[in-house]
Amino acid sequence: METRPAKPSGSVTNPTQQASPGNMKTIDVCLSPELMHLYNVEDRTVVVVDILRATSCMVTAFAHGVESITPFANLDMCRAMKKNGYITSGERDGKKVDGFDKGNSPFEYMGADVKGKKIAFTTTNGTQAIEKAKGARRIIIGSFLNLSSVVKYLLFGENSVLIVCAGWKGKVNLEDTLFAGAVVDKLRNHIEPDCDAPLAAQHLYTIAKDNMVSFLSNSSHVKRLARLSINKDIDYCLTFDKYQIVPCLVQGVLKA
Ligand code: 3SL
């Protein structure tokens, strides 16, 4: 399987919705879930992103035929789903939870054993960010693996957008910010940035986009995963547009 990070494509075009000040949707970026209180999401589509690795895992799982993923912030609630026939999945501090069926590597979600299955999923940051986004008009899952599909979804959708970066335990991280910057960059002719976070993210993405692996080599989570010898996940999670799916949260359950 090809996992080499690909080169990104440019801005999207949509002939039906040209930029015209006044009737434009807006896009904002919440750099940490701890800042969610600053945003009113009732009318927005929220894109939750945790590039390394929760949302990359979720997209991969759906691309391999998983029926649904129920995200949990709470570990014990997730564990309890086992008796209902769910696969229990996730991590704390990057390590698979004791007694769970699977951890948080995308490579665990590519086999026939996940096809048609329901997964209960909990992670240190990604599923916490999903929990905090509840109350949004719509919640979708973003990653570089499904970047263009997310961009198209936002372009043709009627709502303004908030990208929520999962970060690490409330702190900002580079990889989620880069994803936010990629979305802002691709929608630059169609959706207006609300404040400076989307602009900052877009600038970073412009600097990083041609070699994200090297740009991220000193980042905190890349170093953390490297300490756990989880190197191949990093290249894979930085691959552009491997899948054409957009997982969406409906009544607490993610479906593709
Ligand atoms: O925090 C999360 O949601 C995880 O993606 C972190 S880890 O990559 O599994 O360490």
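Heavy atoms only: backbone and side chains are in, while hydrogens, waters and symmetry mates are out. Whatever order the structure lists them in is the order used to number ligands and atoms, beginning at 1.
- For atom 5 (O) of ligand 1, the closest non-hydrogen atom of the protein is Arg53 N, 2.6 Å.
- No part of Ile230 comes within 4.0 Å of ligand 1, judged by heavy-atom distances.
- Within the listing of ligand 1, atoms 3 (O), 5 (O) sit less than 4.0 angstrom from a heavy atom of Ala54.
- Taking distance alone, with nitrogen or oxygen atoms compared against 3.5 Å, Trp168 stays at or beyond that limit from ligand 1.
- Listed by number with element, the atoms of ligand 1 under 4.0 angstrom from any heavy atom of Gly94 are 9 (O), 10 (O).
- Per-residue contacts place Leu225 under 4.0 angstrom from the following atoms of ligand 1 (heavy atoms of the residue considered): 8 (O), 10 (O).
- Taking a cut-off of under 4.0 Å to the non-hydrogen atoms of His221, the atoms of ligand 1 that pass are 6 (C), 7 (S), 8 (O), 10 (O).
- Of the N or O atoms in Asp93, none lie within a sub-3.5 Å distance of an N or O in ligand 1.
- For Lys171, the NZ atom sits in a loose shell: 12 or fewer heavy atoms of surrounding residues, nucleotides or ligands are nearer than 6.0 Å.
- Look at Lys169 and Asp93 and you find a salt bridge, because one of the NZ, NE, NH1 or NH2 atoms lies within 4.0 Å of a carboxylate O, short of that distance.
- A side-chain contact (heavy atoms from CB on, under 4.5 Å) with Ile141 is found for exactly one of Ile130, Leu249, Val150, namely Ile130.
- With a 4.0 Å heavy-atom cut-off, ligand 1 is reached by the side chain of Asp50 but not by its N, CA, C or O.
- Only one option out of Asp28, Val29, Ile191, Val151 pairs with Val184 in a side-chain contact (heavy atoms from CB on, under 4.5 Å); it is Val29.
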Might you work through the side chain to side chain donor-acceptor pair (under 3.5 Å) test for Tyr153 and Thr45, ending with a clear yes or no?
CA-CA 10 Å; Tyr153 184 98; Thr45 292; 5.6 Å; no
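- Thr55 contributes no side-chain N or O that, together with a main-chain N or O of Val49, makes up a donor-acceptor pair within less than 3.5 Å.
- At least one N or O atom of Gly126, backbone or side chain, sits closer than 3.5 Å to an N or O atom of ligand 1.
- Interface of Thr124 with ligand 1, defined as ligand atoms under 4.0 Å from a residue heavy atom, comprises 1 (O), 2 (C), 3 (O).
- Taking the charged nitrogens against the carboxylate oxygens, Lys102 and Asp113 do have a contact shorter than 4.0 Å, which makes a salt bridge.
- Side-chain atoms of Ser143 and Arg53 include no donor-acceptor pair closer than 3.5 Å.
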